[in-house]
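To keep things clear, I will list the structure first and then write my remarks on it.
This chain uses plain numbering: 1 for the first residue, then up along the sequence.
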Amino acid sequence: MLPYIGPVLFGVASLLGLFNRKISYLMLSLSSVVFAATQFAYGNYLSYYSVIAAIVWVFAGVYSLSYGERYGKWLASLMSLTVLGMSIILVGDNYLVLIAGWEIMSVPSYAIVALNKSQKSPAFTFMTFSEFSTVLIIAGSISSFVASKDSSFSFIHLTTFAPLLLISFGSLIKMGMSPFMISEWLPIAHGNAPANASAVFSATMTLMGVFLITKMIFLTSDSPALLYIGILLLIIGSISILFASIYAYVSENMKMLGGFSTIENQAAILSAFGLYLVTSNSTLREFVLATIIIFSLSHAVSKTGLFLSIGSTRGEYFGEARAPEDRWMRLGTLLSTLSLSGLFPAIGGLAVWMLLESFFMQAYLGGYIGILAIIVGSIVAISEGMVTGSMMKILSFSALFRAKKGHASRVETVTVFSVGLTILIFFVISIKLIPSAFLGGIPSVLVFKGFTIESRFNIADFGLVSPDYVIALITAFSLASYAVFRKPRTRTAEVWNSGRSLSSEYTSFAYANNIRLMLRRILRTRMGNGNQPISIIDVFWFAMNSIGRGYRWMCKNATQKFMNSSLAWYMIYMIVAFMVVIIMAVVIY
């Protein structure tokens, strides 16, 4: 019964929300601590996801003590219900419990989006894709049942790859990957929820997809088919990370920018899964597995900080953002954006370094997989550069340039700063999070044993980094620079609006307009409510709509001009359709 204590407490928190929101949020945070303590098992990778999720829920619950008061009485209960569903997914020991948890997670999330937005489409879009995801997971569960003949639907070892493939695609929808990214469903849904719920969605709902893929990989035996699944994940991951980083850069809605950033992070993790499946080197596999855990941790915590800091601006678009003039909140926002940019000294910097090292190690091993690895690794590196630009956009146009007089709520300030501090602490103690097989040192240059993370696929090191020394050097040089130069002087320069008409103010739209101009045949913008230059209509979504309209026009004309009251043409149509189906069945077989 010990694993189910956490879910029971989350259920209690949901009931308490009907009577008192603050007590419900407090209960959510305390229950998360209990959940992490009862789930953690050292060396068990799957248990690490429970701890990562619990960290997010603790911060979201505390932040909501202040932020959640602005929303209706249902938000507290619905948030706890969503968390309850996720906790069931994490502790469940069979497919039936998994499907129940998946639905318990999705339905309250739909209600949160629907109740807090006057527009109906974001909630329906969210629910449509959620149910599509559930259908694939049910199909994967049935496939596992057929293959194993186990009537208990337990998670048992599988000799077929079909459940892995089906459940992975169900998870990919939840993670917002291509081709499901073309509808922008994840950024739309996350962008239309309250900030505390957006943090839970972006940080932990997507984490459930990562958890499921990890679990299914562990359950599936090695087979040649896994190589092709790995290549497929590499292709999907590289396409998603590239386009998500571009869309994040040009987005004018801050929460949708956060949603695209989530897709970019999830795509990076998906690429790591692909590399795990295609590589035949056992040491590299172990390193990639550690990379996936570190990346999941950095994404979850950093994305929580990002959404909570956006919530404190009390706006959705950059034009509306007015962040409190509070240095501690700025520091927390800086550390969250730094981590999502993949920069040191944040845990996100370590995650990106480990991911790139993994790809370039596989490239060093050669072969066509090596060529694929260096292509994907290069795309990841380019995308991380684009992501750095988008994170600096959020930092500049919300926390720095748009600051308003006065302090934020003390609870919100403490929470955002604490998340930033946690990101820093995880970087400092990261040597404790990495398997000992990848730890070393260089005593000859005073880098002591155990303080260096070493990437390798054989006995020799491929690359290395010493987190504690990195942070010590950055601190020392920063203090020295301040001692010599003091506070930097600022000067006013003439505004350059990147191809837009000149004005006295440098806007976030002008900041990203250079990319819009360079990719104008791929990216299109439209005006949203309040004359806001917002959403991106990507070329894939535009093409899909065009194909659909063209197909409808063709069918309408064919039925009216040829098949209308003509038995001969109808028979020809039936014969051709029958032949096409037979040919396709033979080819697929």
Side-chain angles (χ1 to χ4, degrees), residues 25-26 28-30 32-33 35-36 48-49 51-68 79 83 190 193-207 254-255 257-259 261-262 265 294-314 321 323-324 326-351 387 391-392 394-395 398-400 407-430 433 467 471:
Y25 289 129
L26 192 60
L28 173 63
S29 294
L30 295 175
S32 302
V33 175
F35 180 71
Y48 296 166
Y49 291 107
V51 178
I52 294 170
I55 292 170
V56 174
W57 299 335
V58 168
F59 285 126
V62 172
Y63 182 85
S64 301
L65 291 172
S66 167
Y67 182 85
M79 265 187 63
V83 170
H190 294 195
N196 52 348
S198 295
V200 172
F201 293 171
S202 269
T204 55
M205 192 176 289
T206 54
L207 184 71
M254 290 188 292
K255 285 197 284 187
L257 190 156
S261 170
T262 295
N265 275 223
I294 294 293
F295 217 115
S296 300
L297 172 67
S298 70
H299 162 70
V301 181
S302 309
K303 194 51 60 65
T304 303
L306 181 72
F307 274 108
L308 298 190
S309 59
I310 289 174
S312 296
T313 67
R314 303 295 191 259
D326 188 307
R327 70 177 63 180
W328 298 110
M329 182 165 284
R330 283 182 181 177
L331 186 56
T333 306
L334 169 66
L335 291 170
S336 295
T337 51
L338 207 63
S339 184
L340 290 168
S341 300
L343 299 176
F344 291 145
I347 187 68
L350 178 64
V387 167
M391 287 300 121
M392 291 306 105
I394 278 205
L395 180 67
S398 63
L400 298 181
H407 295 284
S409 154
R410 187 177 295 275
V411 173
E412 293 178 25
T413 298
V414 169
T415 312
V416 173
F417 174 71
S418 299
V419 173
L421 188 62
T422 303
I423 290 167
L424 205 59
I425 291 172
F426 275 131
F427 183 71
V428 173
I429 65 168
S430 56
L433 308 176
I471 203 166

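- Between the Lys255 side chain and the Ala193 main chain, a donor and an acceptor come within less than 3.5 Å of each other.
- Counting only heavy atoms from C-beta outward, the side chains of Val62 and Val414 never approach each other to under 4.5 Å.
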>> Set out, in order, the CA-CA distance, both residues' side-chain angles and the distance that settles side-chain contact (heavy atoms from CB on, under 4.5 Å) for Leu421 and Leu335, then state yes or no.
In response: CA-CA 8 Å; Leu421 188 62; Leu335 291 170; 5.6 Å; no

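- Residues forming a side-chain contact (heavy atoms from CB on, under 4.5 Å) with Ser341 (at least two apart in sequence, or on another chain): Leu343, Thr388, Met391, Met392.
- Atoms CG and CG, on Leu424 and Leu338 in that order, are 9.0 Å from each other to the nearest 0.5 Å.
- Nearest heavy atom pair, residue Gly68 against residue Tyr25, reads CA-OH, 3.9 Å.
- Between Ile347 and Leu350, some side-chain heavy-atom pair lies under the 4.5 Å cut-off.
- Distance alone, capped at 3.5 Å, places no donor-acceptor pair between the Tyr67 side chain and the Asn196 backbone.
- Residues passing the side-chain contact (heavy atoms from CB on, under 4.5 Å) test with Ala300, sequence neighbours excluded: Ile52, Val56, Ala203.
- Here the straight-line distance linking atom OG1 of Thr337 with atom CD1 of Ile423 works out to 8.5 Å at 0.5 Å rounding.
- Residue Ile294 holds its CD1 atom at 11.0 Å from CZ of Phe427, rounded to the nearest 0.5 Å.
- Judged by distance alone, the side chain of Ser66 and the main-chain N or O of Tyr63 form no donor-acceptor pair under 3.5 Å.
- Residues Leu308 and Ala195 come closest through the heavy atom pair CD2-O, 4.5 Å.
- In this structure, Leu297 and Leu433 have side chains that are in contact, with non-hydrogen atoms separated by less than 4.5 Å.
- Interatomic distance, Ser32 OG to Leu28 CG, rounded to the nearest 0.5 Å: 4.5 Å.
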>> If you apply the rule side-chain contact (heavy atoms from CB on, under 4.5 Å), what do you find for Phe307 with Phe201, and how did you get there?
In response: CA-CA 10 Å; Phe307 274 108; Phe201 293 171; over 6 Å; no

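- Counting only residues at least two apart or on different chains, the side chain to side chain donor-acceptor pair (under 3.5 Å) pairs with a member in residues 299-310 are Ser261-Lys303, Thr262-Lys303, Asn265-His299, Gln266-His299, Ser302-Ser339.
- Under the 30°/60° scheme for interplanar angles, the aromatic rings of Phe35 and Trp57 are found to be tilted.
- Here the side chains of Leu207 and Ser296 are in contact, with some heavy-atom distance below 4.5 Å.
- One finds the CG atom of Leu340 at 6.0 Å from the CG atom of Leu306 (value rounded to the nearest 0.5 Å).
- At least one donor-acceptor pair closer than 3.5 Å links the side chain of Ser298 to the backbone N or O of Phe295.
- Thr415 OG1 to Phe59 CZ: the interatomic distance, rounded to the nearest 0.5 Å, is 8.0 Å.
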